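For reference, the structure is listed below as structure tokens.
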Number of protein chains: 2
Amino acid sequence: MPKTVDREEQRRQIGAAVLRLASEQGLDEVSVRTVAAAAGRSPGAVQKYFRTKDEMLAFAAELAGARIEERMAAVDPGLPPREALCALVLTTLPVDAERRAEAAAQLAFATRAAHHPGLGAIRRRVDADVREALAGWLADAGHGRGPEPGADCLALADAVIALSDGLALRLLYAPDDREALLRALDRALDALVPPAVPHP
Amino acid sequence: MPKTVDREEQRRQIGAAVLRLASEQGLDEVSVRTVAAAAGRSPGAVQKYFRTKDEMLAFAAELAGARIEERMAAVDPGLPPREALCALVLTTLPVDAERRAEAAAQLAFATRAAHHPGLGAIRRRVDADVREALAGWLADAGHGRGPEPGADCLALADAVIALSDGLALRLLYAPDDREALLRALDRALDALVPPAVPHP
DNA sequence: CGCTTGAGAATACGACCGTATCCCAAAAAG
DNA sequence: CTTTTTGGGATACGGTCGTATTCTCAAGCG
């Protein structure tokens with residue numbers, strides 16, 4: 001038997017290079033050749049791990065989704081709901097260089113997903129997970145109004161996700177509006193998740 | 001003198017073809033050749049009106065921005081604030097085929113703007129106009145809390161814009177979530193712009 | 001009418017794309 | 001050591017890209 005390597009680890013390294021490139025220069029600059037260069041490999045080596053470019057992009061999209069879920073799970077569950085929610089959104093917002101890269105990659109894949117069924121399916125699955133986790137978490141914290149608190153928490157979760165995505169989008173092309181947009185986030189969270197829990 | 005045509009009208013027609021193509025197939029499928037075909041022209045004819053592809057995209061981005069402002073100005077000013085705001089957001093959301101095209105083009109340009117200074121500048125200018133109009137409108141309607149109602153209205157406007165953009169993004173790759181996302185919009189607007197005005 | 005000038009089409013060129021194929025080095029099994 | 005199998009590099013091919021250049025044709029003015 002010849003030498004063998006950890007194929008999954010190699011795929012992850014190449015996928016990371018895809019995300020790095022997509023975040024720094026946009027998804028348009030992602031080609032098999034540029035990815036290979038970014039990963040310190042030859043174009044042929046990349047082809048050994050991904051038979052087609054689409055397969056490579058799908059893998060990278062899954063990787064990006066996994067990173068989001070990781071970050072969501074990493075927020076301190078001991079924080080008060082309002083602060084925890086704010087921290088949660090902040091971990092996904094491009095407020096510094098590191099998060100900017102992550103958010104830019106997410107946006108690039110989301111945009112392409114609008115015209116690419118495969119990427120769309122991956123995105124929808126990740127979104128469903130995040131949405132459910134967020135809604136359950138809001139329900140536990142006692143938010144959710146009206147006759148159906150469960151349904152209201154789902155609507156609330158969708159609103160928070162949309163708010164976060166919209167803020168991320170604008171931060172990416174208008175980083176100078178950072179302070180104003182963070183104020184807007186605070187203001188919106190105050191309105192959506194009032195500090196005083198209705199039924200303590 | 002030889003025959004002459006309305007150059008600006010020609011540019012607008014080609015720009016419209018760019019937006020149509022970007023909305024239906026994504027900005028990646030926009031090339032000088034495909035745009036020419038979509039506009040019923042030869043590639044050479046397109047070159048007469050836009051010396052470079054970047055110039056063409058910038059023009060299309062301006063056109064898309066102008067369409068947004070047109071739609072904003074077209075909402076009935078006689079509606080109650082809450083309903084008017086909802087109608088305003090709904091005109092930008094991809095809830096049907098026509099609006100889907102517009103929203104997809106907007107998203108495509110916004111995404112590219114994250115890595116393209118020229119498109120970013122156009123986007124920021126359009127955003128500033130929309131933001132200011134929305135904030136002034138909220139202030140007139142009596143919303144805006146705290147010691148500085150003007151600043152609060154700006155934050156509110158930013159939040160509504162972000163919410164709208166985030167909903168549009170998700171609607172584009174998850175059209176089946178339409179009902180849930182419209183409920184989330186209603187819920188968020190209820191919280192952000194309470195029906196009962198604090199200081200009548 | 002003939003000339004000039006702009007509209008528009010056709011073509012050319014170099015670069016990069018995704019993918020398929022072939023070749024070589026190295027390491028485990030015999 | 002030889003054989004065999006796999007990782008990885010190199011190369012080739014058809015296609016599309018953006019752009020520059022050149023051509024044809026018709027319309028208006030002297």
Side-chain angles (χ1 to χ4, degrees), chain A residues 1-22 24-61 108-109 111-113 115-119, chain B residues 1-22 24-61 108-109 111-113 115-119:
Chain A
M1 269 233 267
K3 84 171 171 185
T4 177
V5 298
D6 183 347
R7 290 193 69 85
E8 207 51 35
E9 170 60 22
Q10 301 294 318
R11 284 167 70 93
R12 247 172 293 149
Q13 285 188 15
I14 297 174
V18 171
L19 294 186
R20 199 176 336 133
L21 218 65
E24 288 169 1
Q25 306 182 229
L27 209 36
D28 315 298
E29 300 302 319
V30 171
S31 77
V32 178
R33 288 167 175 83
T34 57
V35 168
R41 289 166 166 78
S42 81
V46 172
Q47 281 185 288
K48 291 285 171 175
Y49 294 101
F50 298 102
R51 295 197 299 110
T52 184
K53 184 188 180 183
D54 244 48
E55 190 181 317
M56 182 177 75
L57 290 183
F59 183 87
F109 279 100
T111 301
R112 181 152 303 196
H115 302 286
H116 188 303
L119 292 180
Chain B
M1 271 238 262
K3 83 169 171 185
T4 178
V5 299
D6 183 347
R7 290 193 70 85
E8 207 52 36
E9 170 59 22
Q10 302 293 320
R11 285 167 70 93
R12 248 172 291 144
Q13 285 188 15
I14 296 174
V18 171
L19 295 186
R20 199 175 338 134
L21 218 64
E24 289 169 1
Q25 306 182 227
L27 209 37
D28 315 297
E29 300 302 320
V30 170
S31 77
V32 178
R33 289 167 174 83
T34 57
V35 168
R41 288 165 166 78
S42 80
V46 172
Q47 280 185 289
K48 290 282 174 177
Y49 294 100
F50 299 103
R51 295 198 299 108
T52 184
K53 184 189 181 183
D54 244 47
E55 190 182 316
M56 182 176 77
L57 290 183
F59 183 88
F109 278 101
T111 300
R112 182 153 301 197
H115 303 286
H116 188 302
L119 292 179

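Computed from a predicted structure; not experimentally measured.
A/Y49 places a side-chain heavy atom less than 4.5 Å from the side chain of A/V5. Using a 4.5 Å heavy-atom threshold, the side chains of B/R41 and B/Q13 count as touching. The closest side-chain heavy-atom distance from A/R112 to B/T111 is not below 4.5 Å. The shortest side-chain heavy-atom distance between B/H116 and B/D54 falls under the 4.5 Å cut-off.
The phosphate of D/dT19 (OP1 or OP2) has a side-chain N or O of B/T52 nearer than 4.0 angstrom. Regarding contacts with the backbone of D/dG7, every side-chain N or O of A/Y49 stays at 4.0 angstrom or more from both OP1 and OP2. An OP1 or OP2 oxygen of C/dA7 is reached within less than 4.0 angstrom by a side-chain nitrogen or oxygen of B/R7.
Between B/D28 atom CG and D/dT16 atom P there is a gap of 16 Å when expressed in whole angstrom units. The nearest whole Å value for the distance from the CZ atom in B/R41 to the C1' atom in C/dG6 is 15 Å. Remark: P of C/dG8 and CD of B/E9 are 12 Å apart, rounded to the nearest angstrom. Taking atom CD of B/E55 as the reference point, atom C1' of D/dA20 lies 15 Å away to the nearest angstrom. Atom pair A/L21:CG and C/dC17:P shows a separation of 11 Å (rounding to whole Å applied). To the nearest angstrom, P of D/dC17 lies 16 Å from CG of B/D54. Rounded to whole angstrom, the span from the CD atom of A/E8 across to the C1' atom of D/dG7 amounts to 16 Å. A/D6 has its CG atom 11 Å from the P atom of D/dG8, to the nearest Å.
If A/G44 and A/R33 are placed on DNA chain D by their nearest nucleotide, the residue sitting closer to the 5' end is A/G44.
Within the 4.0 angstrom heavy-atom criterion, no nucleotide atom of any strand lies near B/F50. A/K53 comes within contact range of the sugar-phosphate backbone alone, with a heavy-atom separation under 4.0 Å but no base atom that close. Nucleic acid contact for A/S31: sugar-phosphate only, since backbone atoms but no base atoms lie under 4.0 Å from a heavy atom of the residue.
Under 3.5 Å, the side chain of A/K48 and the base of D/dG7 form no donor-acceptor pair of N or O atoms.
A 6.0 Å sphere centred on CZ of A/R51 holds no more than 12 heavy atoms belonging to other residues, nucleotides or ligands.
Taking only side-chain atoms of A/Q47, from C-beta outward, the nucleotide of C/dA9, D/dT19, C/dT21 with the closest atom is C/dT21.
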